[in-house]
Amino acid sequence: MDLYAENILDHYKNPHHKGKLINPTTAAEDSNPLCGDELKIELAIQDNKVTQVAFNGKGCAISQASASMLTDELIGKTPEEIAAISNETIYEMLGVPLTPARVKCALLSLVVVKKALLFNKFSQ
Amino acid sequence: MQQIKPFSAKEFKKDFPILERKINGHDLVYLDNASTTQKPRQVLEALEKYYRTMNANIHRGVHTLSEEASEAYENTRQLVADFIHAKEAAEIIFTRNATEAFNLVAYSWGEMNIHEGDNIIVSALEHHSNLIPWQQLCKRKKAELRILPMQSNNPAELDLGAYPALLDQRTKLVAISQMSNVLGTLPPLKTVITAAHAVGARVMVDGAQGVAHVGANVQDLDCDFFAFSSHKMLGPTGIGILYGKRELLENMPPFLFGGDMVKTVSAQAANWNDVPWKFEAGTPNIADTIAFAEAIKYIERVGFDAILQHDQALVAYARRRLAQLPGLTVYGPTDLTHTGGVVSFNVPEVHPHDVGSILNDSGVAIRTGHHCAQPLMNILQVPATARMSFYLYNDESDIDAAIKGLEKVYEIFKVGK
């Protein structure tokens, strides 16, 4: 039950930045087919800084809370700063003990964000 | 078989050492039998005894150990034949698991008998193992894969009304499950098989769940192929069983090639061993096959009438208790007479994965996910379900523990608030 701490449940029930952007610069999606987590993340980037972010998806509390928390962190950051975000940062951000089975759920958001930035890089 | 043991799940629990384990400080409550079943001490002891007293390679040696091992191995084959009422032991092939059995049929029988323009019918209920080999076979042979759908207003039951339109002279195979691992549905196999045979199609039955819960009489069913595995019926992992009608097996080419499946071999050629050994290349899973005999005997002592009755009593109890949780969705046939011991469900607002994690915190093991039946999940319009699956050692106290865990889920996630 330590896994379902207040912050996780809060973000799961009231996710931040859930929705769609009107004019995203880049977007990406991915899923954990083993457990049915899906995430799509859209970013608006101006002057090499993330100005807006939105995510959509469905899945377990860990995957959705992770997406919600991560999107909070992205505003104002450059793609380089975001690329440097490590798995450890995500674990600290969530602040709950993760068994190996739930690591993939926690990291899905980071995987999708980095994918979106990669698409952005190649499209320039 | 006469039921010798009076049915008492509480007493049966004592035969399964693993059920004494504690998980996170709680008694283990094992409700994931559709994934795999636990093993009675009779099976564990037989496995250990084999390696301690008669380990040797089979079919080749003239020394005592080899003779004993060979005899015990073939004895299991006969037991399996009797268990599913096959005509003879030669119709029983041992594979690694049920999945390999489906692949054997696809590669051996399928390659030879499916041609461009033919079709194969697969039910919408199927586990990926009785679907994907046929998808691939159809792709290779430019044949058509047709799906026998579920009823639109009752997605736990097959829409047999749609079946006749799918069957025609080009239908060569119908693949159907004996018991759904997601919904517990027991389709009317005989009806499906009779209709298939009427157009000259063969039938492949997935007995992985069914064989442990309702048993099988393959002669009575008249199915052409029947696949199941040891580990879902109290036996060890690493053994699958393919039953095939003798006349079919005689005409099928081997699946895997190598030692033991040959008679004489020269540098440039080989000829094949008799059925069933034609299909058993290399050293098999000897020890586990010998231990498997004890699992078969255990189930026969309990008896299938009692097992199914128990299953259905537990499903009824589980559904009754689940109905008390607000907004919870249960998936499965409304008619319990064709339901085996599986209950899939979803908690509103909470992903099955989280349900499973919280239940695990109090020692309750259920399965969550798509259960290797993604097409069925699409029909149910959910990405995943939580699933409780019962066997002869489960009782109402196990279900009570699961319900308690679900009440915790409601509490933690403030469901409905």
Side-chain angles (χ1 to χ4, degrees), chain A residues 1-16 18-19 29-41 55-71 90-91 93-112, chain B residues 23-26 32 35 128 132 182 327 329 331 344-387 404-417:
Chain A
M1 249 154 303
D2 287 324
L3 187 58
Y4 296 99
E6 279 306 311
N7 64 333
I8 302 286
L9 294 170
D10 197 39
H11 278 271
Y12 178 70
K13 284 220 148 196
N14 306 295
H16 300 185
K18 192 146 191 205
E29 55 192 300
D30 212 328
S31 65
N32 276 333
L34 259 70
C35 47
D37 300 327
E38 294 167 8
L39 270 181
K40 179 175 184 170
I41 296 183
F55 88 91
N56 227 319
K58 47 184 183 222
C60 70
I62 300 299
S63 70
Q64 304 302 299
S66 173
S68 173
M69 286 186 212
L70 181 58
T71 55
I90 301 293
Y91 304 148
M93 177 184 80
L94 289 168
V96 290
L98 293 169
T99 56
R102 305 311 290 276
V103 162
K104 265 194 138 181
C105 308
L107 294 178
L108 183 61
S109 60
L110 189 62
V111 163
V112 175
Chain B
I23 306 289
N24 296 320
H26 297 262
D32 192 19
S35 293
H128 295 164
I132 299 171
V182 176
T329 311
Y331 310 96
S344 273
F345 62 94
N346 265 318
V347 175
E349 304 163 30
V350 186
H351 194 271
H353 213 143
D354 295 313
V355 173
S357 285
I358 292 171
L359 256 56
N360 183 55
D361 284 337
S362 32
V364 178
I366 62 166
R367 176 115 333 203
T368 62
H370 54 64
H371 313 292
C372 296
Q374 289 185 46
L376 184 57
M377 293 294 123
N378 290 338
I379 291 171
L380 297 175
Q381 297 179 320
V382 290
T385 70
R387 178 187 74 185
K404 229 171 152 202
L406 288 175
E407 287 167 353
K408 269 208 186 83
V409 173
Y410 271 72
E411 208 181 284
I412 291 172
F413 277 81
K414 301 192 177 63
V415 177
K417 305 213 167 70

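Every chain is numbered from 1 and lettered A, B, ... according to where its sequence line falls, protein lines coming before strand lines. Keep in mind that this is a model prediction, so the values were computed, not measured.
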Value for CD1 (A/I8) from CD1 (B/I412), rounded to nearest 0.5 Å, stands at 12.5 Å
Distance in Å, B/I358 CD1 paired with A/L3 CG, rounded so as to fall on 0.5 Å steps: 8.0 Å
Kindly give the heavy-atom pair with the smallest separation between A/Y12 and B/V350, and that separation in Å. OH-CA, 3.8 Å
Using side-chain heavy atoms (C-beta onward) and a distance below 4.5 Å, is B/V382 in contact with A/K58? no
Within a strict 4.5 Å, meaning less than it, do heavy atoms of the A/I62 and B/H351 side chains meet? no
At a heavy-atom separation under 4.5 Å, does B/Q374 approach chain A through its side chain, its backbone, both, or neither? neither
Is chain A contacted by the side chain of B/V409, its backbone, both, or neither, given a heavy-atom distance below 4.5 Å? neither
So does B/K414 get a backbone contact from the side chain of A/K13, meaning a donor-acceptor N/O pair under 3.5 Å? yes
Among B/S362, B/P352, B/G356, B/S357, which has the most heavy-atom pairs under 4.5 Å with chain A? B/S357
